[in-house]
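This report refers to the structure that appears directly beneath it.
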Amino acid sequence: MRTTDGDLVLGLYRSRHARDVVETAASLGVTRLDTAANYLHHRSHETLNAVAGDLLPKFSISTKVGYFPGEHSLAPDRLRAAIERAAKDLGREPQAVLLHNPEHARPGAEALARACEVLADAARAGLCGGWGVSSWDPRPLTDLDVPRPDVLMIRAGLLVGADVLEAAEALVRQWKPVQVWGMSPFGGSTSEPPWQKFDPRIFLRDSPSATPVQAVYRSAFRLPPVDAVAVGTDNGPCPRRVDTCSCRYAASIRVADCCS
């Protein structure tokens, strides 16, 4: 499971599940979507398939399992059923299925290993292209071990606290994932207070013409080092916020003026 260095992923946590969003992403050269079973009130997969099923073959899709209506669970039977349902609701097997915030369950080593083995088995069975772990707060996981995942997804960027960043880097060293993906480089929005108080371009030495949004995004690829970063497109109902500006690691492309 290799990606192009500096890949941009359209994250659907805050993005509208609308055809025009998917169409615009495809027209801009975005080839990857990231969602989760619990997004859009647990209807993300079926909604994507309903509004843009014919467009989904243009994308590599990653999703996450672990949250169920009203609770979080690492029970193997529930995870296995969620993976099977994800493929059915999407109308295709996702490229990657990630264990969603396992730290939420405060698992012991055995429980985490069992949960990860469910995902690894699903990949071997062809229910997904690969498997991994997505962790918002990796600190409770640093003393635990898992089979080598294809993907570790973690928060990235200038707003990640030092302790969370250190824990994420520790997991990368310990688990040795094939790929490391970042998320939430803007901390929810480009209008968050920190971005109004300082100019993030001070962290770029080679791009004097970069915008502040581009500087924040590019910095996320180094804090910690990641192969791809997921950003969203909007925080509200505005249908056209997908067509303004963000940035890839190596080059600018038109993506969003409000990313998360």
Side-chain angles (χ1 to χ4, degrees), residues 1-41 43-64 86-87 89-98 128-130 132 134 151 153 156-157 179 181-191 210-211 213-214 216-218 220-221 226-260:
M1 282 190 61
R2 300 302 299 174
T3 63
T4 303
D5 287 345
D7 264 1
L8 183 146
V9 183
L10 175 58
L12 295 177
Y13 177 55
R14 289 186 174 90
S15 302
R16 293 179 308 108
H17 288 53
R19 185 177 181 88
D20 68 315
V21 172
V22 180
E23 286 178 332
T24 304
S27 72
L28 296 173
V30 177
T31 61
R32 301 176 60 193
L33 301 177
D34 178 72
T35 187
N38 62 306
Y39 290 177
L40 203 69
H41 307 292
R43 296 190 61 195
S44 177
H45 297 152
E46 61 187 271
T47 301
L48 269 179
N49 194 18
V51 303
D54 59 314
L55 299 176
L56 296 186
K58 299 177 182 289
F59 296 89
S60 171
I61 300 175
S62 56
T63 190
K64 313 177 197 72
D89 288 349
L90 283 167
R92 56 177 295 189
E93 291 77 23
Q95 182 67 17
V97 174
L98 312 183
C128 54
S134 176
V151 177
M153 191 173 193
Q179 285 275 304
W181 299 350
M183 59 180 164
S184 194
F186 297 98
S189 170
T190 54
S191 61
T211 69
V213 167
Q214 291 169 345
V216 173
Y217 186 70
R218 289 192 61 183
F221 281 88
V226 297
D227 302 289
V229 172
V231 296
T233 61
D234 62 69
N235 286 321
C238 176
R240 293 298 174 191
R241 300 185 78 174
V242 72
D243 64 1
T244 48
C245 173
S246 188
C247 175
R248 298 183 68 124
Y249 170 66
S252 299
I253 64 173
R254 301 181 68 208
V255 180
D257 67 341
C258 189
C259 305
S260 60

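Hydrogens, waters and symmetry mates play no part in the numbers below; they use all other heavy atoms, side chains included.
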Partner set under salt bridge (charged side-chain N to carboxylate O under 4.0 Å, His left out) for Arg43, not counting sequence neighbours:
Glu46

Would you indicate whether the side-chain heavy atoms of [Y] and [X] approach each other to under 4.5 Å?
| X | Y | result |
| --- | --- | --- |
| Gln179 | Met153 | no |
| Val226 | Trp181 | no |
| Leu90 | His45 | yes |
| Ser134 | Met183 | yes |
| Val21 | Leu10 | yes |
| Arg92 | Leu56 | yes |
| Thr31 | Leu8 | no |
| Val213 | Phe186 | yes |

Looking only at heavy atoms, what is the nearest atom pair of [X] and [Y], with distance?
| X | Y | answer |
| --- | --- | --- |
| Ala37 | Thr63 | N-OG1, 3.7 Å |
| Pro185 | Val229 | CG-CG1, 3.7 Å |
| Ser15 | Gly232 | OG-CA, 3.3 Å |
| Cys128 | Val97 | CB-CG2, 3.6 Å |
| Tyr217 | Val231 | CE1-CG1, 3.5 Å |

If you measure from OG1 on Thr47 to NE2 on His41, what distance do you get to the nearest 0.5 Å?
10.0 Å

Please evaluate residues Phe221 and Asp227 with respect to the criterion side chain to side chain contact (heavy atoms under 4.5 Å, CB included), reporting the C-alpha separation (whole Å), side-chain torsions for both, the decisive distance (0.1 Å), and the verdict.
CA-CA 7 Å; Phe221 281 88; Asp227 302 289; over 6 Å; no

Check for a donor-acceptor pair, side chain of Asn49 on one end and backbone N or O of Asp89 on the other, with a separation under 3.5 Å.
yes

State which residues pass side-chain contact (heavy atoms from CB on, under 4.5 Å) with Val9; sequence neighbours excluded, sorted by chain then number.
Arg32, Asp34, Ala228, Ala230

side-chain hydrogen bond (donor to acceptor under 3.5 Å, both in side chains) with Asp54: which residues, sequence neighbours excluded?
Arg19

Taking only residues two or more places apart in sequence or in another chain, which ones pass side-chain hydrogen bond (donor to acceptor under 3.5 Å, both in side chains) with Ser44?
His17, Thr35

Please enumerate all residues that pass ring pair (Phe, Tyr, Trp, His ring centres under 6.0 Å) together with Tyr39, with sequence neighbours excluded.
Tyr13

Pair Leu40, Leu48 - check side chain to side chain contact (heavy atoms under 4.5 Å, CB included), show working.
CA-CA 10 Å; Leu40 203 69; Leu48 269 179; over 6 Å; no

